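So the structure is just underneath, and the comments pick up after that.
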Amino acid sequence: MARAGLTTERVVRAGAELADEAGFNRVTPSELARRLGVQVASLYSHVKNAHDLRTKVALLALDELAGQAAAALAGRAGRDALVAFADVYRDYAREHPGRYAAAQLRLDPETAAASAGPRHAEMMRAILRGYDLTGPDETHAVRLLGSVFQGFISLETQGGFDHSSPAPPESWVRILAVLDSLLRDWPRS
């Protein structure tokens, strides 16, 4: 029987907070039980095991990111949409480092298909339609943008830019301007 006051949503949100404070790799039922002041067994009415807990935190993060990205994209196109989308990811990673790491968790195909992940891809493809990219070129561009965003965000959050000038925000703005230019002049196959 579930402990009074403990719900799946509360368990998952507490797991997300733990991820942000201690790191996604520290999200385990035992760590979470300590945080909530309950026995580990009390959590098993809400999550099956550590993998299920981490998956639920990942799904929460993907959903939060999709909601923020959709709100940021509303009414925008072209460069404005590209920058808004990229900024949502960068800001989310800086504000919620553990949740951002959770959003990178590899999900099984069925879970991934039912998650907010496809919404992320749809939004990126919608941005790219503003650059007249379709078919394989669109796929190549999605991979390029994902690689640049993830690479920059990972390096920045891990301190990779701490000892050089210019400051990361200046590089971020320049990189997004270059990506916009590249997308506008995309070499057609």
Side-chain angles (χ1 to χ4, degrees), residues 1-74 76 81 83-127 142-143 145-160 172:
M1 172 165 288
R3 181 181 168 105
L6 214 54
T7 64
T8 301
E9 181 181 356
R10 182 168 174 230
V11 167
V12 173
R13 289 216 171 267
E17 290 168 9
L18 175 62
D20 286 340
E21 293 169 18
F24 185 55
N25 61 336
R26 298 283 307 269
V27 177
T28 64
S30 58
E31 286 286 330
L32 190 55
R34 247 189 306 283
R35 171 180 277 263
L36 293 170
V38 300
Q39 296 295 314
V40 174
S42 299
L43 298 179
Y44 291 126
S45 296
H46 308 286
V47 295
K48 296 175 195 163
N49 51 39
H51 179 72
D52 186 45
L53 172 61
R54 292 166 58 87
T55 298
K56 283 178 169 45
V57 171
L59 294 173
L60 171 69
L62 286 168
D63 191 56
E64 288 176 343
L65 257 170
Q68 290 179 21
L73 286 174
R76 292 192 163 119
V83 170
F85 189 79
D87 284 348
V88 163
Y89 279 79
R90 183 169 174 250
D91 292 345
Y92 189 84
R94 291 167 47 185
E95 293 167 20
H96 300 290
R99 292 177 205 211
Y100 184 77
Q104 311 310 311
L105 182 69
R106 186 177 194 151
L107 302 172
D108 66 77
E110 186 177 309
T111 303
S115 76
R119 284 179 58 205
H120 294 263
E122 289 167 15
M123 285 184 277
M124 190 170 299
R125 289 182 186 280
I127 291 167
V142 165
R143 292 174 180 166
L145 294 175
S147 298
V148 172
F149 298 165
Q150 176 65 21
F152 187 95
I153 290 166
S154 293
L155 287 167
E156 181 181 30
T157 57
Q158 294 171 14
W172 182 249

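What you see is a predicted model, and the numbers here were worked out from it, not measured in a lab. Hydrogens, waters and symmetry mates play no part in the numbers below; they use all other heavy atoms, side chains included. For the single chain, residues carry numbers from 1 onward in sequence order.
When only modelled atom types and interatomic distance are considered, E64 and Y92 share a side-chain donor-acceptor pair under 3.5 Å. Judged by distance alone, the side chains of D52 and T55 never bring a donor and an acceptor atom under 3.5 Å apart.
Within 6.0 Å of atom CZ in R26, 12 or fewer heavy atoms from other residues, nucleotides or ligands are found, so the atom counts as exposed in its surroundings. Counting non-hydrogen atoms of neighbouring residues, nucleotides and ligands closer than 6.0 angstrom, the CD atom of E9 reaches no more than 12 such neighbours.
Proximity of a side-chain donor or acceptor of H46 to a complementary backbone N or O of L6 within less than 3.5 Å is detected. Side-chain N or O atoms of T111 include none that pairs as donor or acceptor with a backbone N or O of L107 at under 3.5 Å. Side-chain atoms of D20 come within 3.5 Å of backbone atoms of G98 as a donor-acceptor pair (strictly under, hydrogens ignored). Of the possible donor and acceptor atoms, one in the side chain of S147 sits under 3.5 Å from a partner among the backbone N and O of R143.
Looking at heavy atoms from C-beta onward, Y100 lies out of side-chain contact with R90 at the 4.5 angstrom threshold. Between K56 and V11, the closest side-chain pair of non-hydrogen atoms is not below 4.5 Å. The shortest distance between side-chain heavy atoms of P97 and F24 does not fall below 4.5 Å.
Annotation for L43 and A33: closest pair CD1-N, 3.7 Å, computed over non-hydrogen atoms. When all heavy atoms of A72 and A84 are compared, the closest pair comes out as O-CB, 3.7 Å. A58 approaches A102 most closely through the heavy-atom pair CB-O, 3.1 Å. When all heavy atoms of L62 and A116 are compared, the closest pair comes out as O-CB, 3.6 Å.
To the nearest 0.5 Å, the span separating CD on E110 from OG on S115 amounts to 11.5 Å.
The aromatic ring centres of H120 and F85 sit 6.0 Å or more apart.
A salt bridge does not link R119 to E122: none of the charged side-chain nitrogens sits closer than 4.0 Å to a carboxylate oxygen.
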